[in-house]
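Each chain gets a letter, A, B and so on, in the order its sequence line appears, and its residues count up from 1.
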Number of protein chains: 2
Amino acid sequence: MSDTAVARAAVVQAAGDAKADSKSEQAYAFIKARIVEGTYSPGYRLVLAKIAGDVGFSVVPVREAIRRLEAEGLVKFERNVGATVSGIDPTEYLYTMQTLSVVEGAATALSAPLIDATAIARARAVNEEMRQCLEHFDPVRFTALNRDFHSVLFEHCPNPHILDLVHRGWNRLATLRSSTFRFVPGRARESVREHEELLQLIERNADAETIERAARRHRSATLDAYLAQAPGTPKKISNSQEEKQ
Amino acid sequence: MSDTAVARAAVVQAAGDAKADSKSEQAYAFIKARIVEGTYSPGYRLVLAKIAGDVGFSVVPVREAIRRLEAEGLVKFERNVGATVSGIDPTEYLYTMQTLSVVEGAATALSAPLIDATAIARARAVNEEMRQCLEHFDPVRFTALNRDFHSVLFEHCPNPHILDLVHRGWNRLATLRSSTFRFVPGRARESVREHEELLQLIERNADAETIERAARRHRSATLDAYLAQAPGTPKKISNSQEEKQ
DNA sequence: ATGTACGAAATCGTATACGATGATTATGGC
DNA sequence: GCCATAATCATCGTATACGATTTCGTACAT
C-alpha cells in the first residue's frame, strides 16, 4: 500500500521531468527504474493488473511499457502467462558482456577524440574514489562509480545507435546487482588500473583502434575472470579478440 | 480492396507457419514483411485504423506491432500524430552503416570458426552469381544475393544478441532498396572481390581479429564510398577504425 | 499413495468506445 | 490578397469489458 504511494510519487516526478509524457511512457520509466534500481528483482512477477493499480493507469499503457522493456531484454514475456523481470543466467551474462565489449569498445573509440581535459579530470576523480571504495569495501558505491566512469568515456559517442546499445547493455547488467557474477576477487583492483590506462590513451590521442582494443579488453577481461572461476562454465564461445595476440 | 485480400492471405500464411501466433504477432510479421519487401516504402503513412482494417484485426494488436517496429528502427512514430515507414536520411544511413560495421564485424569473426567447407562453397557460388549480376546489370538480384552471402558468414554467430543486432541493421538498410545510397559506382565490383578475400581468410582459419577487421572494413568502405560522392555530406564522424593504419 | 481428469481462478489478448491531441481548413480582419 | 484565428476533422491514447488461455487445486479412480 505504501508501495502504491511511492509508485505514484515516482510517476509524478517522472512526469515533471519531461513535460507531459504519455502514460505509457510514464509506466515505462516507472517500471524500468524499479528494475534497474532493484526494487523489482529478477524473477519478480509483473502482473499487468497489479502494476496498473500501482501506477494508477489502466492495463493498456502498462502492457505497452512491458513490451518495450521486453525488447530491451529487461523483462521476459510469455504469451498468455505473464511477464517476469528477466534474471540473467551464466549464458545470458556471457552474451551480454560479449556484446557490450563490442559496442562499448566502439563507442569509447568514437567518443575519445571528443573528450576534453575537464572530462578526463572528472573521470580520474571518479576512478580515484573507486580505488578508495576498494579499501573501504563498498562494492555498491564501487559499481555506481564504475558506471559513472564509463559514462564519461562513451557519452560523447557521436553515433546514437551505438550509444543506445551501450546503455541497453549496462541496464541489463544492472539487474544483476550484487549477484555472484559481479566482483570476481581481485578483478576490481585491476579494473581501476585499466581505467587509468584508458585515460592515458585518450589523453595521448591514441588512434581509434588502440582505444577500441583497450576498452574492449577491459570488459572482456571481466568476463574471462568470471569464466575462469565459474563452476559450470557454459559452452566456451569467449574467443575474445585480443586474447590471441 | 484487392490489397486487403493479399493482406489476409499473407496473414493466414504467417499463421500457418508458426502454429497460432497472437494477432499482434501476425500484424507485426505482416507489416514488417511489407516494409522490407518495399510495398510500404519510406514515408508511407501507417494509419492504425486503416491497417487494422486491412489485416482484419482491431487497432490494438496493430498498434503493438507498430511500436515493436519502431523499436527496431523500421518505423518512425510520433505521439498523437501517427507512424510512417522510416526513411533513411544520410545521417541515419551513416549511423546504421557504422553500427553495422561494428556488429557485423564481430558476428563474422565469431562465426568464422564454425563455418564448414560446404558453407564456404555455397557462399562462393553466391558471390560468383553476384559477379554475373554485375555484367548483366541486375542490381535488385545483386542486393538480394549480397544479403545471402553475408548471411552465410554470420549466421553461425554463437551470440544471439549480436546476431540480432546484425539482422536489425540489415532490415533497416533493406528499406533503402534502390535509393541513391546503394550502388555507388564501382563499389559493387570491389565488393565482390572483398567477398572472395573474406572467404579465403576464413578458409585459412585466420585469427579473429583479422577477420573482424576485414569484415568491418568491407562495410565501412561502402560507407566511405558513399560519403566521398555524396553532395551534402553530413558531419564527418566516420573515423572508421582501419582507415588509419 | 499416486496419477489423472476435471473444474475454478487468475491472467492475458483483443474489441469497442470515448476522450485528447494535433493537423487542416475555413473565415474574418487587415 | 494575405495573415491570424477559430472551427472542424482525422488520428491517436486510454479505459473498460469480455472472451481465450493457462495454471493450480481438488476429487476421483487405480
Below 3.5 Å, can you tabulate the donor-acceptor pairs from side chains in residues 70-77 of chain B to any protein atom, sequence neighbours excluded?
from: Glu70(B); atom 1: OE1; to: Arg67(B); atom 2: NE; distance (Å): 3.1
from: Glu72(B); atom 1: OE1; to: Tyr28(B); atom 2: OH; distance (Å): 3.3
from: Glu72(B); atom 1: OE2; to: Tyr28(B); atom 2: OH; distance (Å): 2.5

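Contacts of Leu46(A) with the nucleic acid, taken as non-hydrogen atoms under 4.0 Å apart, involve only primed sugar atoms and P, OP1 or OP2. Val47(A) comes within 4.0 angstrom of sugar-phosphate atoms only, judged by non-hydrogen atoms across all strands, and of no base. Within 4.0 Å of Val81(B), counting heavy atoms only, lie sugar-phosphate atoms of the nucleic acid but no base atom.
Aromatic ring orientation, Phe154(B) versus His167(B): perpendicular (interplanar angle above 60°, classes split at 30° and 60°). Note on ring orientation: taking the six-membered ring where Trp is involved, the planes of His150(B) and Trp170(B) are tilted (angle from 30° to 60°).
Under the side-chain hydrogen bond (donor to acceptor under 3.5 Å, both in side chains) criterion, Ser24(A) pairs with Glu64(A), not counting sequence neighbours.
Legend: salt bridge (Lys or Arg N to Asp or Glu O under 4.0 Å) pairs involving residues 159-175 of chain A, not counting sequence neighbours, sorted by first then second residue: Asp164(A)-Arg168(A). Sorted by first and then second residue, the pairs that involve residues 141-150 of chain A and meet salt bridge (Lys or Arg N to Asp or Glu O under 4.0 Å), not counting sequence neighbours, are Glu129(A)-Arg141(A).
One finds a salt bridge joining Arg219(A) and Glu104(A) here, because a Lys/Arg side-chain nitrogen approaches an Asp/Glu carboxylate oxygen to under 4.0 Å.
To the nearest angstrom, C1' of dG19(C) lies 11 Å from NZ of Lys23(A). To the nearest angstrom, C1' of dC12(C) lies 7 Å from CZ of Phe77(A). Taking atom CG of residue Asn80(B) and atom P of nucleotide dG22(C), one finds them 5 Å apart after rounding to whole Å. Summarising the geometry, the separation between NZ on Lys50(A) and C1' on dC12(C) is reported as 17 Å, rounded to the nearest angstrom.
Position along DNA chain D of the nearest nucleotide to Val59(A) versus Leu48(B) favours Leu48(B) as the more 5'-ward residue.
Side chain to side chain, Arg216(B) and Ser101(B) fail the donor-acceptor criterion of an N or O pair below 3.5 Å.
Looking at heavy atoms from C-beta onward, Leu173(B) lies out of side-chain contact with Thr175(B) at the 4.5 angstrom threshold.
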Check: protein-nucleotides 5-8 of chain C nitrogen or oxygen pairs below 3.5 Å:
none

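Chain B approaches DNA chain D over the interval dT11(D) to dG13(D), counting the first and last nucleotide 5' to 3' with an atom under 4.0 Å from its heavy atoms.
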